[in-house]
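Notes follow the structure.
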Number of protein chains: 2
Amino acid sequence: MPDTRKTIVDTARALFYERGYHATSLAQIQKACGVNGGSIYHFFKSKEALLIAVLENYLKQLEAEVMAPAFATTENPRERVFAVLDGYRRMLVESEFAAGCPIGNLALELPDAGPEVRQLIESNFDAWCGFIADCFEGAHVADGETRARLARLALTVMEGGILQARGRRSIGPFDEAVDQFRDYVDRVLDSVDEVDGHAVPSG
Amino acid sequence: MPDTRKTIVDTARALFYERGYHATSLAQIQKACGVNGGSIYHFFKSKEALLIAVLENYLKQLEAEVMAPAFATTENPRERVFAVLDGYRRMLVESEFAAGCPIGNLALELPDAGPEVRQLIESNFDAWCGFIADCFEGAHVADGETRARLARLALTVMEGGILQARGRRSIGPFDEAVDQFRDYVDRVLDSVDEVDGHAVPSG
DNA sequence: GTCTATATTAAGATAGAC
DNA sequence: GTCTATCTTAATATAGAC
């Protein structure tokens with residue numbers, strides 16, 4: 001039994017990812033699916049409804065598709081963070097800088113999206129940061145706020161690195177950004193007070 | 001003498017900035033300009049040609065519009081970097097997160113743009129980083145590579161912070177990212193070997 | 001549930017009068 | 001150099017046969 005709905009969501013996901021939301025037409029999605037008619041409207045009432053399904057799919061698949069493969073490469077919690085970042089690096093390189101972070105792309109491309117879309121973008125960011133923060137917990141960062149801040153910085157650096165890499169069509173800026181993040185993590189965690197586990201910096 | 005060409009470029013610049021390139025039609029630009037006909041084609045042979053003019057305008061105006069106002073707020077070279085970042089913060093807040101970094105938006109939205117567009121995006125990034133690197137020179141960072149790396153990190157953090165702020169419709173992530181960058185700059189510059197001016201970290 | 005056909009709207013782009 | 005009018009294409013979306 002071919003699950004057409006799933007095929008449509010997967011195809012739309014891939015095309016939105018590589019070309020952007022506005023630049024992808026429903027006709028292109030249909031063609032890539034093999035379905036020839038206005039069949040998308042049997043499952044989704046609008047292009048935005050399809051986008052919402054795609055964002056729900058990202059959220060649901062985040063652990064299995066992004067985190068689990070990265071975590072499988074190392075047991076070291078701190079290194080798991082960098083393994084996740086390396087996954088995005090690989091996608092950048094393999095796609096020749098077409099594919100960066102799907103959620104980041106949409107966050108910038110759809111500044112006036114509806115509330116459902118915005119909420120799902122935020123939920124995807126939150127979930128991503130949650131997994132990364134858990135890695136820092138495994139790395140014995142006792143303070144929850146410090147873990148959360150480092151996780152959000154990981155996202156900041158990743159998105160900024162991807163943006164520059166895509167703008168320059170070079171992986172250099174991404175690698176440099178990750179190196180700088182690693183340097184910062186080392187400095188912060190080295191300055192953690194071992195007694196109560198609180199980081200020294202205030203900011 | 002009304003300079004229609006300039007009006008068109010300025011208007012297109014503003015609309016591309018707030019709505020994105022694909023989401024802005026030439027009809028909208030014409031309407032916002034007050035010019036009613038297909039007059040844009042008298043000056044530009046295509047929408048992409050207009051985009052190129054906009055990117056050239058950004059490059060030309062970078063110093064006057066972005067750097068000079070920020071630099072006017074303080075003589076302290078290190079603080080000038082943060083004054084520049086604060087300028088983007090203001091635009092984010094005043095536009096209610098519609099307007100982030102115009103170049104960053106285009107870098108993500110136009111992954112398969114023509115060579116002229118890509119080159120101009122890169123030139124804008126380079127020019128921006130050049131001004132910021134010069135600030136670090138004024139802050140007595142003797143090593144040119146360290147200055148360049150910090151400048152690119154400033155861009156990374158700014159773009160990543162803007163992206164999250166827009167995704168979440170909150171200035172919090174941007175402020176946090178700037179705080180973390182300040183913390184990193186403090187740590188790096190404090191660890192600089194005062195004798196030869198080389199930073200300690202390898203990365 | 002999938003197809004063909006089409007409605008509707010809007011996009012980028014052009015022609016030609018003035 | 002600016003206008004009206006229009007061409008062409010392609011977008012989202014719908015209707016209705018099968």
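A, B, ... follow the sequence lines: proteins, then strands. Residue 1 opens every chain.
- B/Asp86 contributes atom CG, which lies 15.0 Å from atom CZ of B/Arg80 (distance to the nearest 0.5 angstrom).
- When the side chain to side chain contact (heavy atoms under 4.5 Å, CB included) test is applied to A/Ser39, the partners found at least two apart in sequence or on another chain are A/Val35.
- By the salt bridge (charged side-chain N to carboxylate O under 4.0 Å, His left out) test, B/Glu145 is found to be paired with B/Arg152, residues two or more places apart in sequence or in another chain being considered.
- Of all the residues in residues 107-117 of chain B, not one reaches under 4.0 Å from DNA chain D with any non-hydrogen atom.
- Comment: A/Asp10 engages A/Lys6 in a salt bridge, judged by a side-chain N to carboxylate O separation of less than 4.0 angstrom.
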Extract all donor-acceptor atom pairs below 3.5 Å that involve side chains of residues 65-72 of chain B and protein atoms in other chains or at least two apart in sequence.
residue: B/Glu65; atom: OE1; partner: B/Arg13; partner atom: NH1; Å: 3.0
residue: B/Glu65; atom: OE1; partner: B/Arg13; partner atom: NH2; Å: 2.7

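- The number of heavy atoms from other shown groups lying within 6.0 Å of CD (B/Glu116) does not exceed 12.
- At least one side-chain nitrogen or oxygen of B/Thr4 sits closer than 4.0 Å to the OP1 or OP2 atom of D/dT2.
- Residues satisfying the salt bridge (charged side-chain N to carboxylate O under 4.0 Å, His left out) criterion with B/Lys31, sequence neighbours excluded, are absent altogether.
- Note: A/Phe136 and A/Phe181 have perpendicular aromatic rings, judged against thresholds of 30 and 60 degrees for the angle between ring planes.
- What separates CD1 of A/Ile8 from P of C/dG1 is a distance of 11 Å, to the nearest Å.
- At the phosphate of C/dT2, neither OP1 nor OP2 sits under 4.0 Å from any side-chain N or O atom of A/His42.
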For each nucleotide in nucleotides 8-18 of chain C, reading 5' to 3', give B when a protein heavy atom comes within less than 4.0 Å of its base, S when such contact involves only the sugar-phosphate, and - otherwise. ---SSBB----
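- The CZ atom of A/Phe44 sits 12 Å away from the P atom of C/dG1 (whole-angstrom rounding).
- Between A/Ile40 atom CD1 and C/dC3 atom P there is a gap of 11 Å when expressed in whole angstrom units.
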